[in-house]
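One structure is given here, and the rest of the page talks about it.
Here is the naming used below: chain letters follow the sequence lines, and residue numbers restart at 1 for every chain. Just so we're clear, the structure is a prediction, and the values are computed from it rather than from any experiment.
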Amino acid sequence: AQKVTQAQTEISVVEKEDVTLDCVYETRDTTYYLFWYKQPPSGELVFLIRRNSFDEQNEISGRYSWNFQKSTSSFNFTITASQVVDSAVYFCALSEASSNDYKLSFGAGTTVTVRA
Amino acid sequence: NAGVTQTPKFQVLKTGQSMTLQCAQDMNHEYMSWYRQDPGMGLRLIHYSVGAGITDQGEVPNGYNVSRSTTEDFPLRLLSAAPSQTSVYFCASSNPRGTQYFGPGTRLTVL
């Protein structure tokens, strides 16, 4: 069974503050993929990042960074120097490679509000 | 490329009515899927397809049918709409690396 937990329901910060979103997952597979998606107020789902289970290297993309730790089954996401445009719901998701069908299990999402 | 397109964007149905949500992709992806999004529950998989002629059930398939006659199209049918099917529906397609790209969504209300 797959399970993704995003314990933070809502986070509110002032512009330029850093914000970290937590994601904890459960899987019995040794090979799996982790994702983050962004859903802005307009409603579409925007792909942000994909990480393989065998690649624990952290990644930075502009103001976004991701910390993947297999030892704690976590894949946390940090927005540095947040901006109002970062206000959105962020989803963490898991896919198991063994099933070969790319099914995604999503967390419940974290709503980030960045105040000017 | 248009990516993944969905029609309609909004729909209101009465209980018992049937309808089809359309989904198309122009990226030649083999894998396509349908999710529903409900408040506080994230997205849940309804049905998916790994190629033309092949479909399978996801986490919440009851009340929905799908078919996949072409690579491009993956329609979702509601046979007899119920208020519990009020939701936002997303179609997605996946590249060979497994990254799923989503359509803009259809907001469905069943009265």
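Only the side chain of B/L45 comes within less than 4.5 Å of a heavy atom in chain A; its backbone stays farther off.
A distance of 9.0 Å separates OG1 in B/T99 from CG in A/L104, rounded to the nearest 0.5 Å.
Linking ILVMFWY side-chain heavy atoms closer than 4.5 Å, directly or via other members, places B/Y101 and B/I46 in two distinct hydrophobic clusters. Connection of B/M19 to B/Y35 is not established within any shared hydrophobic cluster, with ILVMFWY side chains joined at heavy-atom distances below 4.5 Å, either directly or through further cluster members. Residues A/F106 and B/M32 fall into different hydrophobic clusters, defined by Ile, Leu, Val, Met, Phe, Trp and Tyr side chains chained together at heavy-atom separations under 4.5 Å. By the rule that hydrophobic residues join a cluster once side-chain heavy atoms approach within less than 4.5 Å of another member, B/W34 and B/V50 end up as members of separate clusters. Put simply, B/F102 and B/L21 are part of two different groups of oily side chains (I, L, V, M, F, W, Y) that touch within less than 4.5 Å, one to the next.
Of all residues spanning residues 33-41 of chain A, those with a heavy atom less than 4.5 Å away from chain B's heavy atoms are A/F35, A/Y37, A/Q39, arranged by number. Below 4.5 Å, heavy atoms of chain A meet heavy atoms from B/F90, B/S94, B/N95, all part of residues 59-95 of chain B. Contacts between residues 71-81 of chain A and chain B, defined by a heavy-atom separation under 4.5 Å, are made by no residue at all. Applying a 4.5 Å heavy-atom cutoff, none of the residues of residues 14-25 of chain A approach chain B.
Nearest heavy atoms, B/Y48 versus A/K103: CE2-CD, 3.6 Å. Across A/F91 and B/Q37, no two heavy atoms sit closer than the pair CZ-NE2, 3.2 Å.
By the neighbour-count criterion of 12 heavy atoms within 6.0 Å, atom CZ of B/R107 is sparsely surrounded, having that number or fewer from other residues, nucleotides or ligands. Residue A/I60 qualifies as open at atom CD1: its count of foreign heavy atoms under 6.0 Å is 12 or below.
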